[in-house]
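All remarks here apply to the structure that follows.
Chain letters run A, B, ... following the sequence lines, proteins first, then strands; residues in each count from 1.
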Number of protein chains: 2
Amino acid sequence: MSEVGTIESIPDATVARLPVYLRGLLELADTGVEMVSSVSLAELAGVNAANVRKDLSYLHAHGTRGVGYEVGHLLAEIRVVLGGSRSSPVVIVGVGNLGRALSRYDGFLAGGFPIAGLVDADPMVVGRKVAGTVVRPVGELADVVAQTEATVGIVATPANAAQEAVDRLVQAGIRSILNFAPAVVAVPNFVDIRQVDLATELQILGYHQHRRTGDSDTSLVSG
Amino acid sequence: MSEVGTIESIPDATVARLPVYLRGLLELADTGVEMVSSVSLAELAGVNAANVRKDLSYLHAHGTRGVGYEVGHLLAEIRVVLGGSRSSPVVIVGVGNLGRALSRYDGFLAGGFPIAGLVDADPMVVGRKVAGTVVRPVGELADVVAQTEATVGIVATPANAAQEAVDRLVQAGIRSILNFAPAVVAVPNFVDIRQVDLATELQILGYHQHRRTGDSDTSLVSG
DNA sequence: ACGCTCTTGTGCACCGGTTCACATGGCACT
DNA sequence: AGTGCCATGTGAACCGGTGCACAAGAGCGT
Ligand SMILES: NC(=O)c1ccc[n+]([C@@H]2O[C@H](COP(=O)([O-])OP(=O)(O)OC[C@H]3O[C@@H](n4cnc5c(N)ncnc54)[C@H](O)[C@@H]3O)[C@@H](O)[C@H]2O)c1
Ligand SMILES: NC(=O)c1ccc[n+]([C@@H]2O[C@H](COP(=O)([O-])OP(=O)(O)OC[C@H]3O[C@@H](n4cnc5c(N)ncnc54)[C@H](O)[C@@H]3O)[C@@H](O)[C@H]2O)c1
């Protein structure tokens with residue numbers, strides 16, 4: 001049911017794959033490929049071909065049977081869905097090891113997410129220039145957001161400061177937040193927050209490794 | 001999906017939540033709390049209480065009805081499941097912006113994943129000391145893995161070098177890999193690889209933001 | 001024009017995960 | 001011991017996602 005004025009709802013799982021398709025399609029476009037089949041795109045993205053077709057069926061990007069999809073059209077359509085091909089400036093709260101690395105990452109800029117503002121609570125960090133941007137006091141966050149017209153916030157503070165950082169971002173009008181701190185934070189339901197937990201990723205790997213080796217050195221408490 | 005039968009199989013979704021429970025439980029233990037109910041643990045972890053109970057039912061950690069779960073017992077049991085409380089040294093391939101940030105992260109060490117080895121292809125980077133560890137040539141990866149007894153590999157190279165980096169890790173005997181490069185890489189099926197794609201995370205946020213604002217896109221690509 | 005081939009688009013069955021709802025059973029207090 | 005209370009543990013419905021399998025349709029060559 002497509003309603004005028006509203007963008008159709010696309011399943012979360014599909015949305016999560018669109019960026020992957022985008023990457024693959026950019027690669028194809030670079031090498032001059034103009035048409036692509038669901039099978040080859042699937043291979044490129046590491047997913048099932050039927051899944052690709054179903055995903056693309058949610059977009060306004062129909063392919064032609066017997067031929068495939070037009071790379072350029074697909075690219076444009078995915079870009080429209082993912083933020084309307086509009087640039088979304090990002091502000092980072094907490095410019096430590098991770099914050100600096102993220103600031104210097106040019107892949108964000110290329111993807112339409114320029115790092116526009118940096119703030120930190122530490123006076124030793126404030127005033128320093130990182131990747132061409134001067135770090136400003138966290139108290140001036142609202143100003144920074146306003147000046148840079150940032151729409152996305154990244155939290156890279158220690159875990160115990162994450163809730164405060166998120167609160168400040170929401171207060172400043174940010175509605176999309178990426179949180180790298182290993183902490184569960186509460187946000188109003190009109191705010192979209194995503195958690196990136198690197199330590200957790202390693203622990204999940206650890207579980208599977210443990211299982212694989214089956215090396216049970218621990219006191220298995222069997223009932 | 002592997003079907004090794006040594007240790008009981010735990011659903012993936014549950015495994016992904018165990019580290020979160022672990023964090024919450026550590027917090028509780030620090031503050032001297034000895035018993036915890038599924039409701040409060042759920043709140044702490046940001047999930048549904050019934051879900052917590054079902055998750056914990058997969059472990060050998062049963063609670064007592066009317067009371068709750070013993071924090072210490074739960075902690076021990078989760079630790080056992082997640083890698084048997086054994087330290088899993090990590091080797092990082094690609095010591096650029098991100099690789100350096102990860103090297104300096106003490107949360108990994110605390111979680112049982114000490115950064116034991118660093119390798120890079122750039123002669124300018126090789127030999128430099130990062131977080132107390134000397135960066136070695138990527139050609140010596142197998143040696144580094146052997147010497148450090150690393151069991152986990154992290155790929156933090158540019159995307160176009162990711163497949164090569166992964167191949168080297170597998171060649172060196174690594175069976176658990178965390179890949180930060182935005183690239184789909186192929187691995188033998190006895191290798192466990194997890195993708196961390198930060199740019200994708202931002203793009204997903206962008207989609208929801210785009211939807212929320214309902215700012216009907218005007219830059220409709222002409223046909 | 002016709003039929004062959006190729007790929008899309010999708011109905012449908014399957015599966016893992018989530019959540020509700022409630023029976024089960026331990027604990028404390030009288 | 002009896003009674004009330006409370007939290008666990010789980011059966012079952014529900015839900016979103018995946019992938020097979022196939023019909024529908026486009027292009028092409030004869
Ligand atoms: N470094 C990594 O590779 C890595 C990996 C995984 C997770 N993390 C997580 O990312 C977060 C940042 O890690 P890091 O290594 O950069 O830590 P860090 O200590 O190097 O940097 C944290 C920065 O946040 C600032 N800060 C502290 N409180 C603040 C506040 N209330 N408002 C604004 N800024 C504040 C500090 O001044 C510091 O500059 C941590 O939560 C960590 O657990 C980091
Ligand atoms: N920096 C970030 O915050 C960030 C964020 C998201 C994703 N990433 C991804 O992480 C990866 C690393 O990012 P970065 O900013 O650290 O890049 P970088 O260019 O700073 O570092 C890459 C490092 O990898 C090394 N390298 C190149 N080819 C290699 C090879 N074949 N073997 C071993 N080492 C090799 C380089 O010498 C360099 O030191 C990239 O794929 C990037 O897309 C980075």
Side-chain angles (χ1 to χ4, degrees), chain A residues 1-2 8-21 24-25 28 33-74 77-78 184 200 204 207-208 211 221 223, chain B residues 1-3 8-21 24-25 28 33-71 73-74 77-78 184 200 204 207-208 223:
Chain A
M1 20 183 146
S2 55
E8 298 110 280
S9 173
I10 298 178
D12 287 346
T14 296
V15 173
R17 277 187 296 269
L18 291 182
V20 185
Y21 298 151
L25 289 168
L28 290 176
V33 178
E34 297 195 348
M35 298 297 291
V36 63
S37 74
S38 63
V39 175
S40 37
L41 184 53
E43 202 168 317
L44 221 50
V47 301
N48 181 285
N51 214 338
V52 170
R53 292 198 292 275
K54 193 154 287 185
D55 284 343
L56 297 184
S57 76
Y58 293 113
L59 315 182
H60 290 287
H62 294 261
T64 50
R65 295 173 182 224
V67 179
Y69 300 86
E70 204 183 324
V71 172
H73 187 211
L74 226 46
E77 203 59 45
I78 293 181
V184 176
T200 293
I204 295 173
Y207 166 78
H208 291 295
R211 263 180 68 76
V221 193
Chain B
M1 288 304 149
S2 55
E3 34 198 285
E8 299 109 281
S9 173
I10 297 179
D12 287 346
T14 296
V15 173
R17 276 187 296 270
L18 290 182
V20 185
Y21 298 152
L25 289 167
L28 289 177
V33 179
E34 297 196 347
M35 298 298 289
V36 62
S37 73
S38 63
V39 175
S40 36
L41 185 52
E43 202 168 317
L44 221 50
V47 301
N48 181 287
N51 214 339
V52 169
R53 291 198 293 275
K54 193 152 286 188
D55 284 343
L56 297 184
S57 76
Y58 293 113
L59 314 183
H60 289 284
H62 292 261
T64 50
R65 296 175 180 220
V67 178
Y69 301 86
E70 202 184 326
V71 173
H73 187 212
L74 225 46
E77 204 59 45
I78 293 181
V184 177
T200 292
I204 295 173
Y207 166 78
H208 291 294

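Here the side chains of Asp12(A) and His208(B) are in contact, with some heavy-atom distance below 4.5 Å. Side-chain contact between Asp55(B) and Ile10(B): absent, with no pair of heavy atoms (C-beta onward) separated by less than 4.5 Å. Residues Leu28(B) and Leu44(B) have side chains in contact (heavy-atom distance under 4.5 Å, counting atoms from C-beta outward).
If you measure from atom CD of Glu70(B) to atom P of dT8(D), you get 14 Å, rounded to the nearest angstrom. Atom CG of Asp12(B) and atom C1' of dT18(C) are 15 Å apart (whole Å). Atom pair Ile10(A):CD1 and dG16(D):C1' shows a separation of 16 Å (rounding to whole Å applied). If you measure from atom CG of Asn51(A) to atom C1' of dA21(D), you get 15 Å, rounded to the nearest angstrom. Between the OH atom of Tyr58(A) and the P atom of dT18(D) there is a distance of 9 Å, rounded to whole Å.
For the pair Asn48(B) and dC20(C), the criterion of a side-chain N or O lying under 4.0 Å from OP1 or OP2 is met.
For Tyr21(B) (side chain) and Leu74(B) (main-chain N/O), no donor-acceptor pair under 3.5 Å exists by modelled atom type. Tyr69(B) contributes no side-chain N or O that, together with a main-chain N or O of Leu41(B), makes up a donor-acceptor pair within less than 3.5 Å.
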Is there any protein nitrogen or oxygen under 3.5 Å from a nitrogen or oxygen in nucleotides 5-10 of chain C, and what are the pairs?
from   : atom 1 : to       : atom 2 : distance (Å)
dT7(C) : O4'    : Gly66(A) : N      : 3.0
dT7(C) : O2     : Gly66(A) : N      : 3.3
dT8(C) : OP1    : Ser38(A) : N      : 2.7
dT8(C) : OP2    : Ser38(A) : OG     : 2.6
dT8(C) : O2     : Arg65(A) : NH1    : 3.3
dG9(C) : OP1    : His62(A) : ND1    : 3.4
dG9(C) : OP1    : Gly63(A) : N      : 3.0
dG9(C) : OP1    : Gly63(A) : O      : 3.3
dG9(C) : OP2    : Tyr69(A) : OH     : 2.7
dG9(C) : O4'    : Arg65(A) : NH2    : 3.1
dG9(C) : N7     : Arg53(A) : NE     : 2.8
dG9(C) : O6     : Arg53(A) : NH2    : 3.1

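Note that the CD atom of Glu77(A) and the CG atom of Leu25(A) stand 12.0 Å from one another [nearest 0.5 Å].
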